[in-house]
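One structure is given here, and the rest of the page talks about it.
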Amino acid sequence: MVSRVHGLEVQSGTERVWEWLAGIPDPEMPYVSIVDLGIVRDVRWEDDALRVVVTPTYSGCPAKAQIDSNIRQTLQDRGVEAVRLETRLHPAWSTDWLSESGRSKLRAAGIAPPLPAEPGWQRLSFVAAAAPRVSCPRCGSDATRPQGEFGGTACKSLYQCDACRNPFEHFKSL
């Protein structure tokens, strides 16, 4: 049997576990949960153990060990002793997996959420591409311009709004 939690189809009997996991903040962006970020891909009971599948935002994510530890601790604090954490790198995480709630939380934190990723394979180009048009998360204006390729983390870039004059970060589309 399948039900829905946070817009995801989940195995019946795991709804409460999904709610617990939704309370775990991402270590690098604590205003977004690991469920809203879309890195928790599956939760299911297998025999007497709970299997949790996680796809990190990228394979070398420095926060992965902390995320795993937080998952284990959260589940153990709620009486789940047998936990099997599985890291799944395929398919690779995509910004399209970010929930609407997560996008709203990014915007509320002053970070422009990612634009939709282009479907299919993306061509690797060594020619500078035009920066995407990003709306300001503070005033909503499209009169913005890039200020730097990297923000607080490699997955964000710096922008400036010409309308309200505020700087902000944009979560890159992957």
Contact list for residues 73-82, test salt bridge (charged side-chain N to carboxylate O under 4.0 Å, His left out), sequence neighbours left out: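 Counting only pairs at least two positions apart or across chains, no salt bridge (charged side-chain N to carboxylate O under 4.0 Å, His left out) contact touches residues 73-82.
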Result of checking L106, L115, T144 against H170 for side-chain contact (heavy atoms from CB on, under 4.5 Å):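 Testing H170 for a side-chain contact (heavy atoms from CB on, under 4.5 Å) against L106, L115, T144 leaves exactly one candidate, L115.
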V80 reachable from V35 in the ILVMFWY side-chain graph, under 4.5 Å edges: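 Hydrophobic grouping puts V35 with V80.
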Verify same cluster id: L158, V134 (apolar side-chain graph, 4.5 Å):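 Hydrophobic grouping puts L158 apart from V134.
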Shortest non-hydrogen separation from [X] to [Y] and the atoms involved:
{"X": "L98", "Y": "P114", "value": "CD2-CD, 3.7 Å"}
{"X": "P25", "Y": "P30", "value": "CB-O, 3.4 Å"}
{"X": "V32", "Y": "G102", "value": "CG2-O, 4.2 Å"}
{"X": "N166", "Y": "R138", "value": "ND2-CD, 3.5 Å"}

By side chain to side chain donor-acceptor pair (under 3.5 Å), which residues pair with [X], not counting sequence neighbours?
{"X": "R72", "answer": "none"}
{"X": "D68", "answer": "K64"}
{"X": "E100", "answer": "none"}
{"X": "N70", "answer": "Q66"}

CA sep, side-chain torsions, deciding dist, call: S157, E149, side-chain contact (heavy atoms from CB on, under 4.5 Å): CA-CA 5 Å; S157 54; E149 188 173 342; 5.5 Å; no
Check: T14 side chain, V17 main-chain N or O, donor-acceptor pair, under 3.5 Å: no
Under 3.5 Å: donor-acceptor pair, side chain of S141, backbone of C136: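 Absent.
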Residue pair [X] / [Y], side-chain heavy-atom distance below 4.5 Å:
{"X": "W97", "Y": "I39", "result": "no"}
{"X": "K105", "Y": "I111", "result": "no"}
{"X": "I24", "Y": "I71", "result": "yes"}
{"X": "S104", "Y": "S101", "result": "no"}
{"X": "I67", "Y": "P27", "result": "yes"}
{"X": "D26", "Y": "Y31", "result": "no"}
{"X": "P62", "Y": "E28", "result": "yes"}

From CA spacing to verdict: side-chain contact (heavy atoms from CB on, under 4.5 Å), R103, F171: CA-CA 10 Å; R103 291 171 186 278; F171 200 109; over 6 Å; no
Aromatic ring pairing Y159/F168, orientation class (parallel under 30°, perpendicular over 60°, tilted between): parallel
Approximate separation, where rounding is to 0.5 Å, of S33 OG and E19 CD: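 Separation between the atoms: 9.5 Å.
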Compile the donor-acceptor pairs under 3.5 Å between side chains in residues 48-55 and protein atoms, sequence neighbours left out, one pair per line.
{"unit_1": "R51", "atom_1": "NE", "unit_2": "E46", "atom_2": "OE2", "d": "3.0"}
{"unit_1": "R51", "atom_1": "NH1", "unit_2": "E86", "atom_2": "OE1", "d": "2.7"}
{"unit_1": "R51", "atom_1": "NH2", "unit_2": "D42", "atom_2": "OD2", "d": "3.2"}
{"unit_1": "T55", "atom_1": "OG1", "unit_2": "R88", "atom_2": "O", "d": "2.8"}

